[in-house]
Amino acid sequence: ASGADPAKGSEAVEQLEGYIKGDFFVDLRRRVLHYFDDIQVQQQRELPGGKSSSTRVTAEGGESDSSGDEGECVDPDDPVAQERKAERLRQYLEQKWSFPEVPGRRKPPETVEVEFMNALTQILSLEHALVDEVVLLRDRMCKKLRISSFRSAPDSFETPCFPLILRDVLCPWCFAASHVDVTSHPYRGPGCWVCLNCNQLYDRDALQARLVGLLENVAQAWQSQEIHCQKCRRLRTAQLQTFCECFGRFEVRFDAADFRMVLQVLKSLVVPHNLVWLGEMIAFYDHVIR
């Protein structure tokens with residue numbers, strides 16, 4: 001290894017980079033665009049919109065009714081039964097082409113094609129030799145979607161779920177204190193988070209009380225925050241004061257958009273974990289901020 005020629009090593013790296021940017025990426029781009037077209041065609045065939053589209057898919061036999069009534073025999077002369085089956089198929093197809101409700105999601109996801117494009121280009125961008133090729137691939141995919149490539153290009157990858165960590169949660173069984181991220185922590189059912197130390201369940205009501213307390217602390221911090229000048233950092237002393245003595249604008253430390261984001265993350269926990277008390281408190285503060 002010590003006698004290896006550095007020139008040959010650099011030449012091998014250049015050949016590998018040329019292959020990645022050449023034959024490899026050309027074939028990958030062809031397959032990706034073909035798969036992208038298949039996704040669009042299948043989605044347009046299954047979700048053209050409305051109840052009539054579901055009936056048309058049923059009549060063509062392109063999709064099977066996967067709503068749990070596969071063995072049910074429907075009378076073709078019974079319009080009520082046909083309408084019921086078409087409605088079940090429509091609900092199944094809508095669920096098929098929609099993303100699941102994930103606790104902690106900070107904003108609703110885009111369409112299937114846009115999310116696929118963003119995920120694929122982010123992964124391919126990890127290879128620095130393919131930066132220009134990935135940009136061209138994104139442009140072609142955006143043209144197929146008829147959207148702007150500048151609007152859809154994310155600056156950097158960020159997880160769709162915002163971590164919401166409760167510090168030093170005490171297990172009622174083994175009395176071990178742990179940090180629990182309620183958006184991604186393992187659970188066995190709605191609100192049944194599992195202690196990783198003894199594999200028992202945490203107290204659901206206690207965790208819900210911690211979440212309600214967190215919500216109240218955030219709301220109090222937002223309502224009682226100080227308003228200061230952008231230039232000299234001086235506090236505003238009068239309600240009718242628009243500009244500071246240094247002619248700088250006043251700003252808050254905790255923006256309303258941040259508070260809405262916290263409400264959105266907490267709201268995403270209500271339905272999956274059946275947190276009724278938390279949902280009532282979120283509805284109250286959501287009405288106040290509006």
Side-chain angles (χ1 to χ4, degrees), residues 28-124 137-149 151-154 157-162 183-184 187-191 264-275 279:
L28 178 63
R29 179 178 56 194
R30 178 186 58 81
R31 288 185 289 150
V32 166
L33 293 176
H34 180 70
Y35 179 70
F36 198 72
D37 292 334
D38 291 342
I39 292 179
Q40 290 184 302
V41 170
Q42 184 179 0
Q43 189 175 23
Q44 291 175 0
R45 184 178 68 247
E46 296 181 354
L47 292 179
K51 190 181 299 184
S52 59
S53 63
S54 300
T55 308
R56 182 178 62 83
V57 174
T58 307
E60 290 177 357
E63 292 288 335
S64 61
D65 185 7
S66 301
S67 57
D69 298 321
E70 297 177 353
E72 179 182 356
C73 296
V74 179
D75 187 3
D77 297 330
D78 188 357
V80 177
Q82 289 290 337
E83 185 73 15
R84 232 178 9 245
K85 183 176 181 181
E87 178 64 20
R88 288 195 300 268
L89 180 59
R90 184 190 65 81
Q91 294 177 359
Y92 163 72
L93 292 177
E94 287 183 353
Q95 183 180 7
K96 173 184 176 181
W97 290 101
S98 61
F99 290 92
E101 292 291 336
V102 180
R105 189 183 293 276
R106 66 181 76 193
K107 61 180 180 180
E110 299 283 347
T111 60
V112 176
E113 301 97 323
V114 175
E115 291 293 339
F116 169 73
M117 176 182 65
N118 291 336
L120 179 65
T121 53
Q122 284 290 336
I123 294 175
L124 294 178
L137 176 62
R138 170 179 286 277
D139 291 341
R140 293 192 58 178
M141 298 173 78
C142 288
K143 287 181 180 179
K144 291 179 178 292
L145 293 176
R146 298 180 180 178
I147 61 176
S148 173
S149 59
R151 182 189 67 84
S152 61
F157 174 79
E158 60 178 10
T159 175
C161 297
F162 188 82
T183 62
S184 61
Y187 60 93
R188 295 177 184 169
Q264 176 64 31
V265 173
L266 289 172
K267 189 183 298 183
S268 66
L269 298 171
V270 174
V271 176
H273 294 290
N274 194 22
L275 304 177

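These numbers were taken from a predicted model, which means no experiment stands behind them.
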Sequence-distant partners of N274, side chain to side chain donor-acceptor pair (under 3.5 Å), two or more places apart: none
Kindly indicate whether the side chain of V114, heavy atoms from C-beta on, has any atom under 4.5 Å from the side chain of I147. yes
Separation of M117 CE from R140 CZ (nearest 0.5 Å): 14.0 Å
Pairwise distance CZ(F36) to CZ(R29) - rounded to 0.5 angstrom: 15.0 Å
Are side-chain heavy atoms of L145 and T111 found at a separation under 4.5 Å? no
Side chain proximity check, T183 to R105, heavy atoms < 4.5 angstrom: no
Across all chains, not counting sequence neighbours, the ring pair (Phe, Tyr, Trp, His ring centres under 6.0 Å) partners of F99 are none
Could you tell me the separation between the CG atom of L266 and the CD atom of Q264, rounded to the nearest 0.5 Å? 9.5 Å
If you measure from CZ on R31 to CG on D38, what distance do you get to the nearest 0.5 Å? 13.5 Å
Under the ring pair (Phe, Tyr, Trp, His ring centres under 6.0 Å) test, residues paired with F162 that sit two or more places apart: none
Answer yes or no: is there a donor N or O on one side and an acceptor on the other, between the side chain of S268 and the main chain of P103, under 3.5 Å? no
Kindly write out the residues that satisfy side chain to side chain contact (heavy atoms under 4.5 Å, CB included) with R146, not counting sequence neighbours, or none if the list is empty. none
Could you report the tightest heavy-atom contact between C161 and V102, atom names first, then the distance? SG-CG1, 3.4 Å
Can you list everything that forms a side chain to side chain contact (heavy atoms under 4.5 Å, CB included) with S184? Sequence neighbours excluded, please. D181
Parallel, tilted or perpendicular: ring planes of Y187 versus H273, cut at 30 and 60 degrees: perpendicular
Would you please name every residue forming a salt bridge (charged side-chain N to carboxylate O under 4.0 Å, His left out) with R30, sequence neighbours left out? D27
Set of residues satisfying salt bridge (charged side-chain N to carboxylate O under 4.0 Å, His left out) with respect to K144, sequence neighbours excluded: D37
Quick one: are Q42 and R45 in side-chain contact, heavy atoms under 4.5 Å? yes
In chain order, what residues pass the side chain to side chain contact (heavy atoms under 4.5 Å, CB included) check against V80, with sequence neighbours excluded? D78, R84
Under the side chain to side chain contact (heavy atoms under 4.5 Å, CB included) test, residues paired with V271 that sit two or more places apart: none
Kindly compute the distance separating CD (Q91) from CZ (R88), expressed to the nearest 0.5 Å. 9.0 Å
May I have the step-by-step check of side-chain contact (heavy atoms from CB on, under 4.5 Å) for E87 and E83, ending in yes or no? CA-CA 6 Å; E87 178 64 20; E83 185 73 15; 5.6 Å; no
Just do the side chain to side chain donor-acceptor pair (under 3.5 Å) check on Q40 and Q44 with the steps written out, would you? CA-CA 6 Å; Q40 290 184 302; Q44 291 175 0; over 6 Å; no
Listed by chain and number, what are the side chain to side chain donor-acceptor pair (under 3.5 Å) partners of E94, not counting sequence neighbours? R90
For the backbone of E115 and the side chain of E110, can you confirm whether one donor and one acceptor N or O come within less than 3.5 Å of each other? no
Does L137 form a side-chain contact (heavy atoms from CB on, under 4.5 Å) with L28? I'd like the steps, not just the answer. CA-CA 10 Å; L137 176 62; L28 178 63; over 6 Å; no
